[in-house]
Amino acid sequence: MTIKRINPEARWSDAVIHNQTLYYTGVPENLDAEAYEQTGNVLAQIDEVLKAQGSDKTQLIDATIFLADGDDFAAMNRAWDEWVVAGHAPVRCTVQAKLMNPAYKVEIKIIAAV
């Protein structure tokens, strides 16, 4: 059994690959931005991680989106809808949760084939 950890640190790895499946959680870097922009920032990170592993967003299997404020659901969906590839949408759920960094409006966890 091979588990590939990408940029492992003491508490986490940037991503993990096992059985040709990639696991990744993205958080925004643009902490002063609104939910739409933060979502776009995280989705761009997902694109970069997938590309680096020879995959892309058409290979998404599952996405879990965590919103700090449920009122940001429409803004997050607008960014998501502009990004996701028609006919290749993953299973997805969105939950409202208290995020550990109060500047985060969104976190996105994905599983994708690589």
Side-chain angles (χ1 to χ4, degrees):
M1 172 183 328
T2 300
I3 297 174
K4 178 180 177 183
R5 299 179 196 285
I6 300 166
N7 300 324
E9 300 204 14
R11 289 194 174 149
W12 64 76
S13 297
D14 285 349
V16 174
I17 299 172
H18 173 65
N19 281 346
Q20 298 176 309
T21 306
L22 178 135
Y23 303 84
Y24 174 77
T25 300
V27 297
E29 297 169 341
N30 52 345
L31 300 183
D32 294 328
E34 294 302 318
Y36 171 79
E37 291 82 10
Q38 282 196 8
T39 302
N41 178 254
V42 176
L43 295 173
Q45 292 172 30
I46 291 169
D47 281 334
E48 290 175 21
V49 168
L50 291 170
K51 182 178 179 182
Q53 300 305 316
S55 189
D56 62 50
K57 61 189 169 187
T58 67
Q59 301 303 303
L60 286 177
I61 298 167
D62 181 74
T64 303
I65 301 170
F66 302 91
L67 289 176
D69 184 341
D71 290 341
D72 288 332
F73 188 64
M76 176 280 299
N77 269 333
R78 185 165 51 100
W80 176 271
D81 291 345
E82 292 171 2
W83 177 80
V84 74
V85 177
H88 295 276
V91 169
R92 189 189 103 168
C93 73
T94 304
V95 297
Q96 181 175 339
K98 182 176 180 181
L99 304 181
M100 297 315 292
N101 183 331
Y104 293 167
K105 297 188 182 328
V106 63
E107 291 186 31
I108 301 174
K109 181 175 181 54
I110 61 108
I111 300 171
V114 293

Can you give the donor-acceptor pairs under 3.5 Å from side chains of residues 79-89 to other protein atoms, not counting sequence neighbours?
from : atom 1 : to  : atom 2 : distance (Å)
E82  : OE1    : Y36 : OH     : 2.5
E82  : OE2    : Y36 : OH     : 3.3
W83  : NE1    : D47 : OD1    : 3.2
W83  : NE1    : D47 : OD2    : 2.9

Determine all donor-acceptor pairs shorter than 3.5 Å in which one atom belongs to a side chain in residues 10-21; sequence neighbours excluded.
from : atom 1 : to  : atom 2 : distance (Å)
D14  : OD2    : N7  : ND2    : 2.8
H18  : ND1    : T2  : O      : 3.2
T21  : OG1    : N19 : O      : 3.1

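Taking 4.5 Å as the limit, every side-chain heavy atom of I111 sits out of range of all side-chain heavy atoms of V91. Between T64 and D62 the shortest side-chain heavy-atom distance falls below 4.5 Å. Taking the side chain as every heavy atom from C-beta outward, D69 and L67 never approach each other to under 4.5 Å.
Summarising the local packing, NZ of K4 is surrounded by 12 or fewer heavy atoms from other residues, nucleotides or ligands at distances under 6.0 Å.
Here the closest non-hydrogen pair linking V27 and N41 is O-OD1, 4.3 Å. In plain terms, the two heavy atoms of L50 and A112 that are nearest each other are CD2-CB, 3.6 Å.
Screening residues 89-108 for side chain to side chain donor-acceptor pair (under 3.5 Å) gives N77-R92, R92-T94 as the qualifying pairs, with residues at least two apart or on separate chains. For residues 22-33, the pairs satisfying side chain to side chain donor-acceptor pair (under 3.5 Å) are Y24-Q45, with sequence neighbours left out.
Taking CD1 from I3 and CZ from R5, the interatomic distance works out to 5.0 Å, rounded to the nearest 0.5 Å. Separating the CG atom in L43 from the CD atom in Q38 is a distance of 11.5 Å, to the nearest 0.5 Å.
With sequence neighbours excluded, the residues satisfying side chain to side chain contact (heavy atoms under 4.5 Å, CB included) with A97 are F66, L99. Residues satisfying the side chain to side chain donor-acceptor pair (under 3.5 Å) test with K51, not counting sequence neighbours, are none. With sequence neighbours left out, the side chain to side chain contact (heavy atoms under 4.5 Å, CB included) criterion links A113 to Q59, I61.
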